[in-house]
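Report on the following structure.
What you are looking at is a predicted structure, and each value in this text was computed from that prediction instead of being measured. The sequence lines fix the lettering, A, B, ..., with proteins before strands; numbering per chain opens at 1.
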2 protein chains.
Amino acid sequence: MSRCPHTHASARTYGIAELAQEFEITHRTIRFYEEQGMLCPQRRGQERIYSSKDRVALILILRGKRIGFSLAECKELIELYDPHGGNQVQLNSMLQKIYERRLQLEQQLLDITQMQLELDAAEQRCLAALDKID
Amino acid sequence: MSRCPHTHASARTYGIAELAQEFEITHRTIRFYEEQGMLCPQRRGQERIYSSKDRVALILILRGKRIGFSLAECKELIELYDPHGGNQVQLNSMLQKIYERRLQLEQQLLDITQMQLELDAAEQRCLAALDKID
DNA sequence: CATTACCTTTACGTAAAGGTAAACCTCGCA
DNA sequence: TGCGAGGTTTACCTTTACGTAAAGGTAATG
């Protein structure tokens, strides 16, 4: 069973080595994320079998990390992504979190463009100094 | 001396409490950054006197941190900002670092816009679920 | 003079995010 | 059948970025 009954877009599964290679991270890292409750692979005996949902979670984690989110924050992102209904209170709290994340992202955009400007200036100083050397 | 002889744009100085309040960080944090060689306050007896250069460094550190740079990376940014001449080899290595930072910032921009899209989608799901409740 | 407020140092603690090592299972196959 | 490739767990180690006492100097204030 579960062998692609109605081809639900992605019944594909992945081994740990496969994911580790694709995303250039270690096995330990992947298991660590599981310890933290961010991945939920099935088991075949001892072996972990990752679903494409796990793979998506990994993508979210790694993207979050690249822009400086903590794992706890990445976990929240995954929960936002997850379709798990919830009652009215929960939904409103999710909307609140989404709002806060958006503010944070906007601040980060400002920080990044500001930093780009400063890199430009630093580059100019370098080039000018090199110019003087000749 | 040093009492504003030719009003060099900013002979202003700052106390630790002042900076801590302005940037909403603790004294400990500021002293820690000094331990790491990122701030170089003068001393009046035991007391630390911060220059506006120190203040700029703090700004760079905090901005760097907001987008997930490590303190080591922030330190590099400060050094890029710092005008300290250097020979041809050093200048070229600085240019290389600037180039790498730029690439990283571009990746971060991609990550952020992607994440914004996902927040949009998550918000839609929340709103749709709330809609169903009514 | 004593208190209060702010500064200092030294030193140990800690959470986050994994790295690394040791030792074991187990499957396929030559 | 035996061995290697790839999987597993447990458990301790490390780095980063500070937090948190403990213990005391200094300066104004009542």
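We find that CD of B:Gln21 is positioned 15 Å from C1' of C:dA5, with the value rounded to whole Å. Remark: P of C:dT14 and CZ of B:Phe32 are 17 Å apart, rounded to the nearest angstrom. Straight-line distance from the CD atom of B:Glu76 to the C1' atom of D:dT16: 16 Å, rounded to whole Å. Whole-Å rounding puts the A:Arg31 CZ to C:dA17 P distance at 18 Å. For A:Ile30 and C:dT20, the CD1 to P distance is 16 Å, given to the nearest whole Å. The nearest whole Å value for the distance from the CD atom in B:Gln36 to the P atom in D:dT15 is 13 Å. With rounding to whole Å, B:Lys65 atom NZ is found 4 Å from D:dC18 atom P. As a whole-Å value, the separation of B:Met38 CE from D:dC18 C1' is 13 Å.
For B:Glu22, the CD atom is densely surrounded, since the number of other residues' heavy atoms within 6.0 Å is greater than 12. More than 12 heavy atoms of other shown residues, nucleotides or ligands fall within 6.0 angstrom of atom CD in A:Glu35.
Taking 4.0 angstrom as the limit, A:Thr26 places none of its side-chain polar atoms (N or O) nearer than this to OP1 or OP2 of C:dG18. Of the side-chain N and O atoms in A:Thr29, one or more sit less than 4.0 angstrom from OP1 or OP2 of C:dG19. The shortest distance between the side-chain N/O atoms of A:Tyr33 and the OP1/OP2 oxygens of C:dG18 is below 4.0 Å.
Judged by distance alone, with hydrogens and angles left aside, A:Arg48 brings no side-chain donor or acceptor close enough to the base of D:dT8 to form a pair under 3.5 Å. Judged by atom type and distance alone, A:Arg28 reaches the base of C:dT20 through a side-chain donor-acceptor pair under 3.5 Å.
Under the 4.5 Å side-chain heavy-atom criterion for grouping Ile, Leu, Val, Met, Phe, Trp and Tyr, A:Tyr14 is connected to A:Phe23 within one hydrophobic cluster.
Proximity of a side-chain donor or acceptor of B:Asp131 to a complementary backbone N or O of B:Leu127 within less than 3.5 Å is not detected.
Taking the side chain of A:Leu71 as heavy atoms from C-beta on, and the options D:dG7, C:dA17, D:dG19, the nearest nucleotide is C:dA17.
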A:Glu106 vs B:Ile112, side chain to side chain contact (heavy atoms under 4.5 Å, CB included): CA-CA, chis, key distance, verdict: CA-CA 9 Å; A:Glu106 276 160 26; B:Ile112 288 176; over 6 Å; no
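As judged by a 4.0 angstrom heavy-atom cut-off over every strand, B:Arg43 is placed among residues touching the sugar-phosphate backbone only.
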